Amino acid sequence: MKYLEVIFQMLSGEEWQKDLLIADLADIGFDTFEDTESGFAAYIPAANLDLQALETLMLNLDEGIEVNYKVNEIENQNWNKLWESNFNPIEVGGQCYVRATFHDTKPDFPYEIIIDPKMSFGTGHHQTTSMMLQYILEDEFEGKAVLDMGCGTGILAILASKKGANPILAVDYDEICVDSVRENSVLNQVDNIEPLCGSYEVLEGRSFDSILANINRNILLEQLPQYAHSIQHNGALYLSGFYEQEDLPMLLEAAQSLGFEFVSKKVLNNWCAAKFVKR
């Protein structure tokens, strides 16, 4: 597959603004990112690059961030092999060990999750995924019906399953992610996760005790009414994929208007996760 490299030079801006730009780039098809001395490089299959969408994104950057970019054609190479070479195992909360198939096991951890890296988000390395894993480790999931919305690799669904959740629905609009959930379920010997390709429309007629949604602010705001409709009374809603200062107030207002009570939040490098309960 032919890829394009887009070099982004940060002329001004904060680290959290760079993270937000990377998240927006992922939404328009970029799938791999590398830091550089002056910014970062982003990679996308050549056939997927929408220059108009990219230029629109750059023209609507927040105040205080200025970025130049340059598009380069690059030689074909084994992208999964390159990605795997940068994949390191992580530990979450002293209880969960996340590794790839080519890493050694650590049986001392109560929970071990094996993720086959295929350039998908959700390996646990990003702050938002790590905070969601922490919430799952802290709370009770035994026998609960769980939704993992925007599931990526299925890492959240897998940990919920290992903590006794059943049944579990894992939803993502990307068929590659849905296939990844199937493969990672086999690797982790869990058989109660149903992966579905789609969006909130697939939730009609289903009910959940807990909902995990690690996406981004705009999609969360759009889908919150459906979450309120699909969650049981006293059910727990866990949200992440947004910033504390910029996004949390909007999500709090929207969630509370739908009958959700704010319980707690976690913050890591300005990224935020929050827990609500449906009243």
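On a predicted model such as this, the values are computed, not experimentally measured, just so you know. Position 1 is the first residue of the sequence; numbering continues from there.
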Do the side chains of [X] and [Y] join up, straight or via other hydrophobic residues, at under 4.5 Å, putting them in one cluster?
X: Leu156; Y: Ile90; answer: yes
X: Met58; Y: Val6; answer: yes
X: Leu57; Y: Phe30; answer: yes
X: Ile28; Y: Phe242; answer: no
X: Leu159; Y: Phe141; answer: yes

Is there any ring-ring contact (aromatic ring centres under 6.0 Å, His included) pair reaching into residues 149-208, and which pairs are they, with sequence neighbours excluded?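 The answer is none; no pair qualifies.
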Within residues 260-279 or reaching into it, pairs that qualify as ring-ring contact (aromatic ring centres under 6.0 Å, His included) - sequence neighbours excluded: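 Listed once each, the pairs are His126-Trp271, Tyr243-Trp271, Phe262-Phe276.
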How close do [X] and [Y] get, heavy atom to heavy atom, and via which atoms?
X: Gly64; Y: Ser12; answer: O-OG, 3.5 Å
X: Gly241; Y: Asn214; answer: N-OD1, 3.2 Å
X: Cys272; Y: Leu248; answer: SG-CD2, 4.0 Å
X: Ala236; Y: Ile231; answer: O-CD1, 3.5 Å
X: Ala273; Y: Ser240; answer: CB-OG, 3.6 Å
X: Val171; Y: Gly198; answer: CG1-O, 3.5 Å

Without hydrogens or angle criteria, can the side chains of [X] and [Y] be said to hold a donor-acceptor pair below 3.5 Å?
X: Ser38; Y: Gln9; result: no
X: Glu5; Y: Tyr43; result: yes
X: Thr153; Y: Asn184; result: no

Atom [atom1] in [X], atom [atom2] in [Y]: separation rounded to 0.5 Å?
X: Asn188; Y: Ile155; atom1: CG; atom2: CD1; result: 9.0 Å
X: Leu203; Y: Leu169; atom1: CG; atom2: CG; result: 6.5 Å
X: Thr36; Y: Met10; atom1: OG1; atom2: CE; result: 9.5 Å
X: Asn166; Y: Asn192; atom1: CG; atom2: CG; result: 4.5 Å
X: Asn234; Y: Ser210; atom1: CG; atom2: OG; result: 11.0 Å
X: Ser161; Y: Gln189; atom1: OG; atom2: CD; result: 11.0 Å

Do the side chains of [Y] and [X] get nearer than 4.5 Å, heavy atoms only?
X: Glu66; Y: Leu61; value: no
X: Leu20; Y: Asp62; value: yes
X: Glu55; Y: Gln52; value: no
X: Lys278; Y: Leu237; value: no
X: Leu196; Y: Val178; value: no
X: Thr129; Y: Met132; value: no
X: Tyr227; Y: Met149; value: yes
X: Met250; Y: Glu253; value: no

Single hit among Leu25, Leu49, Asp50 for side-chain contact (heavy atoms from CB on, under 4.5 Å) with Ile44: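 One option only clears the test, and that one is Leu49.
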Ion pair present between [X] and [Y], side-chain N to carboxylate O less than 4.0 angstrom?
X: Arg217; Y: Glu246; result: no
X: Lys106; Y: Glu112; result: no
X: Glu138; Y: Lys275; result: no

Given the rule in the side chain to side chain contact (heavy atoms under 4.5 Å, CB included) test, do Val181 and Ile193 qualify, once you have shown the distances and angles that lead to the verdict? CA-CA 8 Å; Val181 173; Ile193 299 175; 3.9 Å; yes
Is it the case that more than 12 heavy atoms not belonging to Lys18 sit under 6.0 Å from its NZ atom?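 Result for NZ/Lys18: enclosed.
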So for atom CD, which belongs to Glu63, do other residues, nucleotides or ligands contribute more than 12 heavy atoms lying within a distance under 6.0 Å?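 Atom CD in Glu63 is not crowded, with 12 or fewer foreign heavy atoms closer than 6.0 Å.
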Walk me through whether Leu147 and Ser230 qualify under side chain to side chain contact (heavy atoms under 4.5 Å, CB included). CA-CA 10 Å; Leu147 166 66; Ser230 299; 5.8 Å; no
Take the angle between the ring planes of Phe40 and Phe8 and call it parallel below 30°, perpendicular above 60°, tilted in between.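 Ring orientation, 0 to 90° scale: parallel.
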Run Glu15 and Asp19 through side chain to side chain contact (heavy atoms under 4.5 Å, CB included) and show every step you take. CA-CA 6 Å; Glu15 187 69 20; Asp19 288 341; 4.2 Å; yes
Other than Leu187, what residues sit in its cluster of Ile, Leu, Val, Met, Phe, Trp and Tyr side chains whose heavy atoms are under 4.5 Å apart, directly or through others?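 Its cluster mates, by chain and number, are Ile114.
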Would a distance-only check, ignoring hydrogens and angles, find a side-chain to backbone donor-acceptor pair under 3.5 Å from Gln226 to Gln223?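 Side chain of Gln226 to backbone of Gln223: no pair is present.
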